[in-house]
2 protein chains.
Amino acid sequence: MTPTAAERGQETRARLIAAAGHLIVEEGWGAVTTRKLAARAGVRPGLVHYHFGTVTDLLIEASLEALEREVGIVMGLLAQAPPGPLGVELAVTGMAQYSADPASTILTSEMMLAATRNERLRTGLAAVQGKWLQAVAQWLNEHGLTVEPDATALVLGALLDGLVLHRLVDPELAVPVDGPLRRLVGLPEATNRPATP
Amino acid sequence: MTPTAAERGQETRARLIAAAGHLIVEEGWGAVTTRKLAARAGVRPGLVHYHFGTVTDLLIEASLEALEREVGIVMGLLAQAPPGPLGVELAVTGMAQYSADPASTILTSEMMLAATRNERLRTGLAAVQGKWLQAVAQWLNEHGLTVEPDATALVLGALLDGLVLHRLVDPELAVPVDGPLRRLVGLPEATNRPATP
DNA sequence: TGAGGTATTGGGCAAACGCCCAAGGCGAAT
DNA sequence: ATTCGCCTTGGGCGTTTGCCCAATACCTCA
């Protein structure tokens with residue numbers, strides 16, 4: 001019943017990776033330190049450099065893992081959308097009101113900036129980004145949006161991050177963006193808009 | 001002819017602010033240190049804390065100053081665009097091919113993330129952002145784009161940053177985004193597209 | 001039961017960190 | 001000529017950093 005040494009090791013690794021994901025968002029990529037990681041994971045500082053060569057190695061592995069999980073979740077949601085333009089409609093209006101937990105956007109932005117200064121992270125991030133782009137383009141295509149699905153997917157992805165980032169700075173900035181988004185994906189103008197309190 | 005002490009002081013201040021602007025982009029907000037700043041500015045380390053209370057104070061002042069200068073430049077360019085939809089057309093296609101020096105986008109993103117963790121920076125950044133938004137919305141309106149100029153300006157600004165950031169990670173990602181951008185601002189589809197080699 | 005392997009402990013090292021300050025330099029004002 | 005005020009020097013304070021390592025605990029398997 002007691003876990004083996006190897007199992008405890010995997011548990012410690014996982015705790016450190018989870019701690020890294022939180023700390024990057026809360027303190028910023030460059031402010032995550034060996035001791036903060038250990039404290040957050042509830043382990044001794046020496047373990048950080050037993051399981052990972054450098055702090056940067058841990059940050060890269062943790063952030064890529066978190067991002068891939070996030071992408072998987074969003075793609076799962078997209079897959080549940082109704083077929084045809086109605087699905088796009090729902091997804092777009094959902095995105096327009098997107099004001100959920102900004103942690104994933106902060107993490108993504110931190111990764112992009114860190115990727116500017118680390119080639120290995122840049123490569124890994126580009127791979128995830130490409131996969132996401134291709135999947136969304138195909139999703140758009142399958143939902144009847146056949147005009148430039150690739151370009152539209154790129155713009156949509158970039159827009160999502162940029163929008164959340166801007167709102168983060170000024171939460172008062174609650175301008176509804178349904179209209180521009182609808183035009184972007186080629187949907188007709190909304191005829192009846194529900195009253196927003 | 002020899003500068004007074006006060007004049008030399010202003011020169012030193014300016015050199016430190018310029019150094020901070022470069023270092024934030026090159027090393028990341030959290031990795032800018034007293035000694036790196038002094039070395040980059042060509043002054044002694046002690047001077048940093050003579051002219052600025054803390055390193056963070058210097059970073060905030062430098063980044064806000066750089067961003068305001070950048071916004072001023074872009075708005076000057078917009079002011080030179082021809083009137084009417086033709087001006088929007090030129091500006092949009094120019095933005096679509098925007099792949100200029102990404103330093104300003106990196107700086108802006110670093111500021112947004114740092115603003116998450118510093119209320120004073122958040123306030124200052126929100127002010128600049130609001131000014132930019134209002135100016136672009138008015139510009140769009142004056143150029144005949146009267147449908148939701150505020151929302152469109154917000155989407156446009158967020159999109160600019162997001163696009164550059166994504167391209168930074170994957171420079172191969174050279175999908176032309178003219179089409180989605182044209183739809184976004186409500187321009188008709190382009191009829192004759194020049195061949196791109 | 002003893003050997004072998006993995007995970008963990010706890011301490012430590014050199015370097016870099018933010019910030020501080022007494023002493024001195026040097027035009028400007030008196 | 002002397003005082004005044006700002007800027008600069010050079011060094012140093014205590015803390016924190018990334019990374020390392022000998023010793024130990026504990027499970028597994030022969």
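Throughout, a chain's letter reflects where its sequence line sits, starting with A, and its residues are numbered from 1.
Between A:Arg44 atom CZ and D:dC20 atom C1' there is a gap of 17 Å when expressed in whole angstrom units. With rounding to whole Å, B:His49 atom NE2 is found 14 Å from D:dC13 atom C1'. Atom CZ of A:Arg35 and atom P of C:dC13 are 14 Å apart (whole Å). Between B:Glu11 atom CD and C:dC26 atom C1' the separation is 18 Å, expressed in whole Å. Taking atom CZ of A:Phe52 as the reference point, atom P of D:dC19 lies 13 Å away to the nearest angstrom. Rounding to whole angstrom units, CD of residue A:Gln10 and C1' of C:dT8 are separated by 15 Å. Rounding to whole angstrom units, NE2 of residue A:His51 and P of C:dA7 are separated by 6 Å. Distance, A:Leu16 CG to D:dG18 P: 13 Å, rounded to whole Å.
Dashed line: the shortest gap from a side-chain N or O of B:Thr34 to OP1 or OP2 of C:dC17 is not under 4.0 Å. Remark: B:Tyr50 is in phosphate contact with D:dC7, judged by side-chain N or O atoms under 4.0 Å from OP1 or OP2. A:Thr33 has a side-chain polar atom (N or O) that falls below the 4.0 Å cut-off from OP1 or OP2 of D:dT17.
Atom CG of A:Leu163 is separated from atom CG of B:Asp161 by 11.0 Å, given to the nearest 0.5 angstrom.
The closest side-chain donor-acceptor pair between A:Gln138 and A:Glu142 falls under 3.5 angstrom. Side-chain contact check for A:Thr56 and A:Arg120: no donor-acceptor pair (N or O, by modelled atom type) lies under 3.5 Å.
Looking at heavy atoms from C-beta onward, B:Thr33 lies out of side-chain contact with B:Val55 at the 4.5 angstrom threshold.
One finds a salt bridge joining A:Arg117 and B:Glu110 here, because a Lys/Arg side-chain nitrogen approaches an Asp/Glu carboxylate oxygen to under 4.0 Å.
Residue A:Thr54 has its side chain nearest to D:dC19 when only D:dC19, C:dC19, C:dT6 are considered.
Both A:Thr12 and B:Thr56 lie close to DNA chain C; mapped to their nearest nucleotides by heavy-atom distance, the more 5′-ward contact belongs to A:Thr12. When each of A:Lys36 and A:Gly46 is assigned the nucleotide of DNA chain D with its nearest heavy atom, A:Lys36 is the one assigned upstream, toward the 5' end.
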